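Have a look at the structure below before the remarks.
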Amino acid sequence: MSVSLNHTIVLSKDKVKAANFLSELLGLETNAWGPFIRVRTGQTDIEFMNIEDSAWNDHITPQHLCFLIDEQAMDVLLEGLRRHDVQPYEDMFYEDPGVNSFYGGRGCYIRDIVDGHLFEFITAPYEGKPANIEKGRWNNPVDPTAVGS
Ligand SMILES: [Fe+2]
């Protein structure tokens with residue numbers, strides 16, 4: 001049995017600009033497919049779609065997407081953020097500017113400059129209890145062992 005996320009649709013007021021922003025940050029290509037501009041990340045396509053082409057929504061609700069990237073891609077990302085004058089944040093509440101080391105690698109959160117979607121980039125996957133968190137609102141995290149499968 002195999003399950004993976006194949007694609008997700010992200011609404012935008014300018015799908016070309018939105019896809020180009022993300023693809024540049026991650027050093028990836030874009031391609032047009034139907035009404036979408038796609039950015040392929042691993043096995044998952046991020047399909048940007050103009051809101052006026054969608055039938056199920058009349059406003060853009062910010063989505064949270066997290067990308068697991070390697071250290072080299074993080075370097076490319078941080079340089080791209082500087083180029084676009086986008087502030088990375090350590091925390092998901094966008095209170096602490098910077099890059100975190102919560103899970104042993106590097107991680108940061110940004111707001112995408114086109115639609116305000118909430119992108120996260122990490123070089124180490126979430127596993128167990130976050131480490132290196134000394135501030136922010138992570139003072140009462142859910143115990144992963146308490147969540148049933
Ligand atoms: Fe996240």
Side-chain angles (χ1 to χ4, degrees), residues 1-30 36-51 54 56-57 59-149:
M1 196 165 134
S2 174
V3 179
S4 65
L5 182 63
N6 178 260
H7 65 270
T8 187
I9 295 172
V10 176
L11 293 182
S12 177
K13 58 181 181 276
D14 186 334
K15 63 185 178 184
V16 173
K17 194 172 174 185
N20 284 342
F21 175 65
L22 180 63
S23 66
E24 181 193 334
L25 290 180
L26 294 175
L28 300 172
E29 300 292 319
T30 65
F36 310 109
I37 304 296
R38 298 195 300 195
V39 179
R40 171 155 286 174
T41 63
Q43 296 181 14
T44 307
D45 287 327
I46 312 300
E47 299 184 337
F48 290 94
M49 180 183 206
N50 282 343
I51 187 165
S54 72
W56 64 87
N57 212 333
H59 67 282
I60 295 173
T61 300
Q63 288 179 250
H64 174 68
L65 300 175
C66 179
F67 301 93
L68 178 62
I69 63 179
D70 63 22
E71 290 290 339
Q72 184 182 4
M74 179 61 84
D75 292 337
V76 170
L77 169 80
L78 294 175
E79 179 55 37
L81 294 179
R82 279 189 286 274
R83 235 182 356 265
H84 286 281
D85 199 25
V86 173
Q87 175 66 58
Y89 287 84
E90 292 184 18
D91 64 303
M92 64 182 290
F93 305 103
Y94 295 81
E95 293 175 337
D96 298 316
V99 176
N100 72 55
S101 58
F102 293 162
Y103 292 86
R106 291 183 288 171
C108 66
Y109 298 79
I110 69 164
R111 294 179 201 278
D112 113 73
I113 61 174
V114 181
D115 302 294
H117 292 300
L118 308 170
F119 295 158
E120 178 183 9
F121 305 92
I122 55 177
T123 63
Y126 289 3
E127 288 179 3
K129 188 176 178 183
N132 306 319
I133 295 180
E134 298 170 355
K135 53 189 175 181
R137 294 191 225 167
W138 269 88
N139 53 6
N140 190 22
V142 174
D143 176 358
T145 62
V147 179
S149 57

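The figures that follow rest on heavy atoms only: side chains count, while hydrogens, waters and symmetry mates do not. As the structure lists them, so they are numbered: ligands from 1, and atoms in each ligand from 1. Not measured: the values here are computed from a predicted model.
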Quiz item: Under 2.8 Å from the Fe ion (ligand 1), which protein atoms of type N, O or S occur, listed by chain and number?
Solution: His64 NE2, Glu120 OE1

Quiz item: Given side chains that start at C-beta, do those of Tyr89 and Val99 come closer than 4.5 Å, heavy atoms only?
Solution: no

Quiz item: Would a 4.5 Å heavy-atom cut-off, applied to side chains only, mark Lys15 and Phe36 as touching?
Solution: no

Quiz item: Are any of the side-chain nitrogens in Arg83 or Glu24 under 4.0 Å away from the carboxylate oxygens of its partner?
Solution: yes

Self-check item: Phe67 CZ to Glu120 CD distance, which is reported to the nearest 0.5 Å
Solution: 10.0 Å

Quiz item: Within 45° of the six-membered ring axis of Phe48 and under 6.0 Å from that ring's centre, is NZ or CZ of Arg38 located there?
Solution: no

Quiz prompt | Where at least one partner belongs to residues 69-78, residue pairs that pass side-chain hydrogen bond (donor to acceptor under 3.5 Å, both in side chains), sequence neighbours excluded | solution = Glu71-Arg106, Glu71-Thr123, Asp75-Arg106

